[in-house]
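Inspection log for the structure reproduced underneath, given as structure tokens.
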Amino acid sequence: MAGLRVICSFPDDIYRLAALLIKQDDIILLRKKDYIENPKPNGYRSLHLILDVPIFLSNEKKYMKVEVQFRTIAMDFWASLEHKLKYKKHVANTVEIEGLLKACADSIEALDYQMQEIRNKIDSSKE
């Protein structure tokens, strides 16, 4: 299995790019986990696709499972910090930090959609 992370500026870019990817005739969608519509309890928001993707070897074409994670820039920043908490040993104040991270994730969601709205207003005002 291989993995790929796609970092997008806006939430609607995530869905647009994911749709374009799975629309390709040689890529097979196996599973979709939408943590944007259904965030994890810790606040994590991302779209995960498990795909069968063709790879071309010297004498054959084979399909390989690939997980593609789509998230916004802000959520990627959040996830890297949350990852440190999750995998470091002996972090003091874990419960407090988890609460702060959840609050940040909620703020990030609001900010991502506010920024998307601003972008949409800019795009619609173009002549």
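These numbers come from a predicted model, not from an experiment.
Listed here is the closest heavy atom pair of F70 and I14: CB-CG2, 3.4 Å. Residues C8 and L17 share a closest heavy-atom pair of SG-CD1, 3.6 Å. Smallest separation of non-hydrogen atoms from L47 and K32: CD1-CE, 3.8 Å. Counting all heavy atoms, side chain and backbone alike, F10 lies closest to M115 at CE2-O, 3.5 Å.
Using modelled atom types and a 3.5 Å distance limit, the side chains of Y35 and R71 yield no donor-acceptor pair.
The hydrophobic clustering, which links ILVMFWY residues whose side-chain heavy atoms are closer than 4.5 Å, places I36 and I22 together. I122 and L111 fall within a single hydrophobic cluster, where Ile, Leu, Val, Met, Phe, Trp and Tyr side chains are chained together by heavy-atom contacts under 4.5 Å. Cluster membership check: L100 does not share its hydrophobic cluster with V95, using side-chain heavy-atom separations under 4.5 Å among Ile, Leu, Val, Met, Phe, Trp and Tyr. Both Y63 and I50 belong to a single network of hydrophobic side chains, linked directly or stepwise wherever heavy atoms of I, L, V, M, F, W or Y lie under 4.5 Å apart. At a threshold of 4.5 Å between side-chain heavy atoms, the hydrophobic network of Ile, Leu, Val, Met, Phe, Trp and Tyr places L81 and W78 in one connected group.
By the 4.0 Å N-to-carboxylate-O rule, D26 lies too far from K61 to be salt-bridged with it.
Annotation: side chain of N42 is not in contact with side chain of K102 (no heavy-atom distance under 4.5 Å). The shortest side-chain heavy-atom distance between E37 and Y15 falls under the 4.5 Å cut-off. Residues R5 and I7 have side chains in contact (heavy-atom distance under 4.5 Å, counting atoms from C-beta outward). Looking at V68 and V53, their side chains never come closer than 4.5 Å, going by heavy atoms from C-beta outward. Under the 4.5 Å side-chain criterion, counting only non-hydrogen atoms from C-beta, V6 is not in contact with L21.
With sequence neighbours excluded, the residues that form a side-chain contact (heavy atoms from CB on, under 4.5 Å) with I55 are L57, K62, M64.
Interatomic distance, CD of Q69 versus CG of D76, reported as 9.0 Å (0.5 Å rounding). A distance of 9.5 Å separates NZ of K65 from CZ of R31, quoted to the nearest 0.5 Å. Atoms CG and CD1, on D52 and I27 in that order, are 10.0 Å from each other to the nearest 0.5 Å. Between the CG atom in L101 and the CG atom in D106 there is a gap of 11.0 Å [rounded to 0.5 Å]. Expressed to the nearest 0.5 Å, how far CD of E109 lies from CD of Q114 amounts to 10.5 Å. One finds the CD1 atom of I108 at 13.0 Å from the OH atom of Y113 (value rounded to the nearest 0.5 Å).
A donor-acceptor pair under 3.5 Å links the side-chain atoms of Q116 to the main chain of D12, judged by distance alone. The backbone N or O of G43 sits less than 3.5 Å from a side-chain atom of R45, completing a donor-acceptor pair.
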